[in-house]
Amino acid sequence: MAKGGQTPPAPGSAEAHAAWARKDAGDVAGARRDAERILAGSPSAEDRAEAEELLRRTTTPRALYGFALLAATVFVLLLVLAIVRYA
């Protein structure tokens with residue numbers, strides 16, 4: 001039990017905490033590898049939930065790929081128009 005001014009330790013293993021620390025430090029790819037390694041073993045329920053949450057938070061949103069495709073399409077269209085106009 002935590003005494004006044006002390007915070008209780010967060011649930012999860014040291015591996016899960018290390019994966020979150022890597023993410024917070026900016027190493028997202030390393031954090032994802034750590035989370036996948038945790039899930040590949042036989043994790044406890046807390047570790048499984050932490051690893052799945054880490055993977056969920058570090059996944060690229062699907063809408064971003066749609067916007068990238070739209071931007072590439074507009075770029076190609078403008079390039080074709082410029083070539084037709086000035087060629």
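Atoms considered below: every heavy atom in the structure, side chains included; atoms not considered: hydrogens, waters and symmetry mates. One is the number of the first residue; the rest follow in order along the sequence.
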Approximate separation, where rounding is to 0.5 Å, of Trp20 CH2 and Glu53 CD | 5.5 Å
Report the residues that fulfil side chain to side chain donor-acceptor pair (under 3.5 Å) with Arg33, sequence neighbours left out, ordered by chain and then residue number.
-> none
So OG1 of Thr58 and CZ of Arg32: to nearest 0.5 Å the spacing works out to 4.0 Å
Can you check whether Glu36 reaches Leu55 side chain to side chain, under 4.5 Å on heavy atoms?
-> yes
In terms of heavy-atom contacts, Ala31 and Leu54 come closest through O-CD2, 3.4 Å
Give the intermediate values and the outcome of side chain to side chain contact (heavy atoms under 4.5 Å, CB included) for residues Leu39 and Glu52.
-> CA-CA 8 Å; Leu39 290 175; Glu52 288 172 349; 4.2 Å; yes
Side-chain donor-acceptor contacts of residues 73-87 below 3.5 Å, not counting sequence neighbours, with atom names and distances?
unit_1	atom_1	unit_2	atom_2	d
Thr73	OG1	Leu69	O	2.8

